[in-house]
Amino acid sequence: KMFQHAHNVLAQPLVTGSVPQVGPMFWRHGLQTPCAEGAQDTVTRRRVLIADDHALLRVGLQALLSADHADIEIDEASCLQDAIEVYRAHPDIDLVLLDLNMGDCRGLQGLRQFKERFPEARVAVFSATQDEFVIRQAQALGAVAYIAKAYEPAAMSQMIVALLRSEPGASGLSGFPGLTRSASYD
């Protein structure tokens, strides 16, 4: 279902105004799903930046989120530098989903660099790495959550929506799974 929706999104022309904003490898997507009739005035728009070097993953996640959540706007970046430029241009982004390994960053260095530039940013690590050491380091560096790419799509969507609904600095939302294996990684 997610990939069929992603295919449908790719087959449609870009929404007016969703041309490259800062560079050639990231785009701001207006959502395809309309709000319920009469609800547009009461919907609080949330903005998510997906920073991952795999276009299919970015498009798939955008499709997953837009399928059920018309109040979420998506920005994309294919590398850390583009993510920094997008966030600088749009500091109203509510949540950054940051992959640990992209062309211009490896490991926790990307998270460290992003948080040094934007300490107020709410960044959730979005990674295939499921090492407890890395997860704890991400938490120590200021990530608000760690979302494993291996999660089921519905669970991933629920976690992202929960993070968007929580207030910055709110306690009670644990976005850091406890895993059993650990190795040194950075």
Engineer: Supply the atom-to-atom distance R117 CZ to F114 CZ, rounded to the nearest 0.5 angstrom.
Structural biologist: 9.5 Å
Engineer: Would E76 and I74 count as a side chain to side chain contact (heavy atoms under 4.5 Å, CB included) if you check the C-alpha gap in whole Å, the side-chain angles of each, and the deciding distance to 0.1 Å?
Structural biologist: CA-CA 7 Å; E76 296 181 29; I74 306 292; 4.2 Å; yes
Engineer: Side chain of S166, backbone of L163: donor and acceptor closer than 3.5 Å?
Structural biologist: yes
Engineer: Do you know the tightest heavy-atom contact between D104 and C79?
Structural biologist: OD1-CB, 3.4 Å
Engineer: Taking K115 for the side chain and A121 for the main chain, is one N or O donor matched with an acceptor at less than 3.5 Å?
Structural biologist: yes
Engineer: Is any side-chain heavy atom of L100 closer than 4.5 Å to a side-chain heavy atom of L108?
Structural biologist: yes
Engineer: For E120, enumerate each residue passing the side chain to side chain contact (heavy atoms under 4.5 Å, CB included) test, keeping only those at least two apart in sequence or located in another chain.
Structural biologist: Y87, F118
Engineer: Taking only Lys NZ, Arg NE, NH1 and NH2, and the carboxylate oxygens of Asp or Glu, determine whether R122 and D94 approach each other closer than 4.0 Å.
Structural biologist: no
Engineer: Can you give me the closest heavy-atom contact between G110 and C105, atom names plus distance?
Structural biologist: CA-CB, 3.9 Å
Engineer: Does a donor on one side chain and an acceptor on the other come within less than 3.5 Å for S78 and R58?
Structural biologist: no
Engineer: Answer yes or no: is there a side-chain heavy-atom contact under 4.5 Å between L97 and V125?
Structural biologist: no
Engineer: What verdict does the side chain to side chain contact (heavy atoms under 4.5 Å, CB included) test give for I93 and V86, after you've listed the backbone C-alpha separation in whole Å, the side-chain angles of each residue and the deciding distance to 0.1 Å?
Structural biologist: CA-CA 9 Å; I93 290 173; V86 170; 3.9 Å; yes
Engineer: Identify the two heavy atoms, one from L65 and one from S157, that lie closest to each other, and give their separation to 0.1 Å.
Structural biologist: CD2-OG, 3.9 Å
Engineer: With side chain to side chain contact (heavy atoms under 4.5 Å, CB included) as the test, would you mind laying out the steps for H69 and V161 before giving the verdict?
Structural biologist: CA-CA 9 Å; H69 306 286; V161 169; 3.4 Å; yes
Engineer: Drop me the distance from R46's CZ to L164's CG, to the nearest 0.5 angstrom.
Structural biologist: 6.5 Å
Engineer: Under the side chain to side chain contact (heavy atoms under 4.5 Å, CB included) rule, what do R47 and H90 come out as? Steps first, then yes or no, please.
Structural biologist: CA-CA 9 Å; R47 197 166 187 168; H90 304 285; 3.2 Å; yes
Engineer: How far does CG of L80 sit from CG of D99, to the nearest 0.5 angstrom?
Structural biologist: 10.5 Å
Engineer: Between N101 and G107 (side chain of the first, backbone of the second, donor and acceptor by atom type, cut-off under 3.5 Å), is there such a pair?
Structural biologist: yes
Engineer: Which atom pair, heavy atoms only, marks the closest approach of A148 to M156?
Structural biologist: O-CE, 3.7 Å
Engineer: Would R112 and E116 pass as an ion pair if we require N to O under 4.0 Å?
Structural biologist: no
Engineer: To the nearest 0.5 Å, how far apart are CE in M102 and CD in Q109?
Structural biologist: 12.5 Å
Engineer: Just how far is it from atom CG of D75 to atom CG of D92, taken to the nearest 0.5 Å?
Structural biologist: 8.0 Å
Engineer: Going by the rule side-chain hydrogen bond (donor to acceptor under 3.5 Å, both in side chains), which residues pair with D52 if we only count those two or more places apart in sequence or in a different chain?
Structural biologist: H54, K149
Engineer: Is the backbone N or O of A70 less than 3.5 Å from a side-chain atom of R45, with the two atoms forming a donor-acceptor pair by type?
Structural biologist: yes
Engineer: Please enumerate all residues that pass ring-ring contact (aromatic ring centres under 6.0 Å, His included) together with F126, with sequence neighbours excluded.
Structural biologist: none
Engineer: Pick from V123, L49, I50: which one makes a side-chain contact (heavy atoms from CB on, under 4.5 Å) with L98?
Structural biologist: V123
Engineer: Roughly how far apart are Y151 OH and I160 CD1, rounded to 0.5 Å?
Structural biologist: 11.0 Å
Engineer: Please name the pair of heavy atoms, one in I147 and one in M159, separated by the smallest distance, quoted to 0.1 Å.
Structural biologist: CG1-SD, 3.7 Å
Engineer: Under 3.5 Å, is there a donor-acceptor pair between the side chain of S127 and the main chain of T129?
Structural biologist: yes
Engineer: For residues E73 and V48, determine if any side-chain heavy atom of one lies less than 4.5 Å from a side-chain heavy atom of the other.
Structural biologist: no
